[in-house]
*Asks:* 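Please read through the structure below; I'll follow up with questions.
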Amino acid sequence: MTVSPFPEVVAAPVFDIEQILAGIDTMAAQRPVAAQIVSVANSDDTNAKALARILASDVALASRVMKLANSAYFGMRGRVTSLQFAVTVVGFTTVRTMATVALTNLDDESRLPENFWDVTTSVALAAATLAPRFGERPQDSLCLGLLAQMGAALLNHNDPDGYAEIMASQPTYRGRRTAETRRYGINSLRLTAIALEQWGFPTTMTTPLMEIDDYRNSDGALLRAAFEVAARLTTEDYDEVPISKITCGRLGEDDLVPVLDLVRADAAELRRAMLGETSDDDAGEWVE
């Protein structure tokens, strides 16, 4: 009698959150200016002039802040010519968010899940546009959207093959989070929340990440709506979820029409600003 061997079982890698977070500290050592900005931008003693002076030490990061300040989103196209004014226009939280993006290598697309920035810019712009409907500040919601997928990037970086399988088998973000928890013991948004807590970001940014899958909880409603907008714009053959169902009744389908149009129009420009890509519309020289 021939005995067939047991099928090979590929075990999920041991996933140590503390090790992942320690890895971020290593990244920080490689980008000292960005790390300094993340550290001081939330201090009561910081002002735009001091932050601009630190920011000027990292030309790439400073250029991205200038591009963002001159983008259509802030309504100042071509009028922001100094770094100090740019810091004032975009706000300290946004500068801190952009430094966090640089610090964690979210600007290196070779290390990110597929379609990462198309989704991220859609989530960020949708969250910022819908923020007033949920009593939130647009700039804070923009930052929440820009950082929300940081946990996915960390999971992908530590387990690229396993995370690619999750991406391929789970077309919805909620399904993906369930698969992440099954494989790693934590989903990507909770991992983002833990990282942001470690860096002292406010609870207004971490609570929505923790509550997104509780449809009865309004704390996660804005972020759920933002991911729904991103899914409708970036996922092929997406099966839409009624927006009223996931926002505790705060939004109807008609509310999404202008949001979808705005995200389609502005996502590419936000992507260029965050990744430091150039275009013919970029502002010229700037001074500190």
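None of these values were measured; they are calculated from a predicted model.
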*Asks:* Side-chain donor-acceptor pair under 3.5 Å between Glu269 and Ser71, yes or no?
*Replies:* no
*Asks:* Are side-chain heavy atoms of Val89 and Phe85 found at a separation under 4.5 Å?
*Replies:*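 Contact flag for Val89/Phe85 side chains = yes.
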*Asks:* To check you understand the geometry: which heavy-atom pair defines the closest contact between Gly151 and Leu191, and what is its length?
*Replies:*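 The pair with the smallest heavy-atom distance is O-CD2, 3.7 Å.
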*Asks:* Start with the C-alpha gap between Val241 and Phe227, add the side-chain angles, then the distance that decides, and say whether side chain to side chain contact (heavy atoms under 4.5 Å, CB included) holds.
*Replies:* CA-CA 11 Å; Val241 178; Phe227 269 102; over 6 Å; no
*Asks:* Heavy atoms only: give me the nearest Ala193-Met210 pair and the separation to one decimal.
*Replies:* CB-SD, 3.5 Å
*Asks:* Evaluate side chain to side chain contact (heavy atoms under 4.5 Å, CB included) for Tyr238 paired with Glu228, printing each intermediate quantity in order.
*Replies:* CA-CA 10 Å; Tyr238 178 67; Glu228 175 65 17; 2.6 Å; yes
*Asks:* Can you give me the closest heavy-atom contact between Ala126 and Ala226, atom names plus distance?
*Replies:*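 So the two residues come closest at CB-CA, 3.9 Å.
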*Asks:* Has Trp117 got a side-chain atom pairing as donor or acceptor with Leu275's backbone, closer than 3.5 angstrom?
*Replies:* no
*Asks:* Keeping Arg176 on the side-chain end and Gln170 on the backbone end, is there a donor-acceptor pair under 3.5 Å?
*Replies:*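 Judged by distance alone, yes, a pair lies under 3.5 Å.
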*Asks:* Can you name the closest pair of heavy atoms from Ala152 and Pro113 and give their distance?
*Replies:* O-CG, 3.9 Å
*Asks:* With side-chain hydrogen bond (donor to acceptor under 3.5 Å, both in side chains) as the rule and sequence neighbours excluded, what pairs involving residues 140-151 come up?
*Replies:*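 Residue pairs with at least one partner in residues 140-151: Thr120-Gln149.
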*Asks:* With sequence neighbours left out, which residue pairs that include part of residues 237-247 fulfil the salt bridge (Lys or Arg N to Asp or Glu O under 4.0 Å) condition?
*Replies:* Arg232-Glu240
*Asks:* Taking the side chain as C-beta and beyond, is there a heavy-atom pair between Leu189 and Tyr173 under 4.5 Å?
*Replies:*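 They are not in side-chain contact.
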*Asks:* Which residues pass the side chain to side chain donor-acceptor pair (under 3.5 Å) test with Asn47, not counting sequence neighbours?
*Replies:* none
*Asks:* Testing the basics here: between Val123 and Ala230, what is the closest heavy-atom pair and its distance to 0.1 Å?
*Replies:* CG2-CB, 3.6 Å
*Asks:* Do the non-hydrogen side-chain atoms of Tyr73 and Leu142 ever get within less than 4.5 Å of each other?
*Replies:* yes
*Asks:* Could you grab the distance from atom CG of Leu68 to atom OG1 of Thr94, nearest 0.5 Å is fine?
*Replies:* 6.5 Å
*Asks:* Can you tell me how far the CD atom of Glu114 sits from the CG atom of Leu112, to the nearest 0.5 Å?
*Replies:*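 Reported value, rounded in 0.5 Å steps: 11.5 Å.
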*Asks:* Do Phe92 and Gln139 come within less than 4.5 Å of each other through their side chains, counting heavy atoms only?
*Replies:*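 No, too far: nothing below the 4.5 Å cut-off.
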*Asks:* Only pairs at least two apart or in different chains count here, so list each side-chain hydrogen bond (donor to acceptor under 3.5 Å, both in side chains) that has a residue in residues 190-203.
*Replies:* none
*Asks:* To the nearest 0.5 Å, tell me how far Ile37 CD1 sits from Leu103 CG.
*Replies:* 10.0 Å
*Asks:* Hey, could you give me the CZ/OG1 distance between Arg31 and Thr104, rounded to the nearest 0.5 Å?
*Replies:*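 Reported value, rounded in 0.5 Å steps: 9.5 Å.
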*Asks:* Looking at Gly276, is its backbone amide N or carbonyl O close enough to the side chain of Asp107 to form a donor-acceptor pair, meaning the two atoms are under 3.5 Å apart?
*Replies:* no
*Asks:* Rounded to the nearest 0.5 Å, what separates atom CD in Glu136 from atom CG in Leu144?
*Replies:*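 Output value for this atom pair is 9.0 Å.
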*Asks:* Under the side chain to side chain contact (heavy atoms under 4.5 Å, CB included) criterion, do Arg177 and Ile212 qualify, and how do the steps go?
*Replies:* CA-CA 10 Å; Arg177 289 193 292 275; Ile212 191 169; 3.9 Å; yes
*Asks:* Take atom CD of Glu109 as the centre, draw a 6.0 Å sphere, and report whether it contains more than 12 heavy atoms from other residues, nucleotides or ligands.
*Replies:*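 More than 12 within 6.0 Å, yes.
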*Asks:* With sequence neighbours excluded, what pairs up with Tyr163 under the ring pair (Phe, Tyr, Trp, His ring centres under 6.0 Å) test?
*Replies:*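 Ring pair (Phe, Tyr, Trp, His ring centres under 6.0 Å) list for Tyr163, sorted by chain: empty.
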*Asks:* Could you tell me if the side chain of Leu251 sits less than 4.5 Å from the side chain of Ile246, heavy atoms only?
*Replies:*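 A side-chain contact is absent here, since even the closest heavy-atom pair is not under 4.5 Å.
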*Asks:* Indicate yes or no for a side-chain donor-acceptor contact from Glu180 to the backbone of Ile186 under 3.5 Å, with no hydrogens or angles considered.
*Replies:*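 No, because the side chain of Glu180 does not come within donor-acceptor range (under 3.5 Å) of the backbone of Ile186.
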*Asks:* Please determine whether side chain to side chain contact (heavy atoms under 4.5 Å, CB included) holds for the pair Leu270 and Met274, giving the CA-CA distance in whole Å, both sets of side-chain angles, and the decisive distance to 0.1 Å.
*Replies:* CA-CA 6 Å; Leu270 179 59; Met274 296 305 298; 4.1 Å; yes
*Asks:* Return yes if some donor-acceptor pair links the side-chain N/O of Thr172 with the main-chain N/O of Gly175 below 3.5 Å, else return no.
*Replies:*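 Answer holds: yes.
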*Asks:* Working to the nearest 0.5 angstrom, can you tell me the gap between Asp261 CG and Arg264 CZ?
*Replies:* 5.5 Å
*Asks:* Decide yes or no for Thr100 and Met150: does some side-chain heavy atom of the first lie under 4.5 Å from some side-chain heavy atom of the second?
*Replies:*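 Touching, per the 4.5 Å side-chain cut-off.
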*Asks:* State whether the side chain of Asp118 and the backbone N or O of Thr234 hold a donor-acceptor pair below 3.5 Å, judged by distance alone.
*Replies:* no
*Asks:* Is there side-chain contact between Leu233 and Val229, with at least one heavy-atom pair below 4.5 Å?
*Replies:* yes
*Asks:* Show me the pairs that pass side-chain hydrogen bond (donor to acceptor under 3.5 Å, both in side chains) and involve residues 121-130, at least two apart or across chains.
*Replies:*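 Residue pairs passing side-chain hydrogen bond (donor to acceptor under 3.5 Å, both in side chains), neighbours aside: none found.
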*Asks:* When you check the gap from the basic side-chain N to the acidic O, do Asp213 and Arg224 get nearer than 4.0 Å?
*Replies:*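 Here Asp213 does not pair with Arg224 in a salt bridge, since their nearest N and O are not under 4.0 Å apart.
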*Asks:* Which heavy-atom pair separates Arg96 from Ala41 by the least distance, and what is that distance?
*Replies:*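 Looks like CB-CB, 3.8 Å.
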*Asks:* With a 4.5 Å heavy-atom cut-off, do Arg183 and Asp159 have their side chains touching?
*Replies:* yes
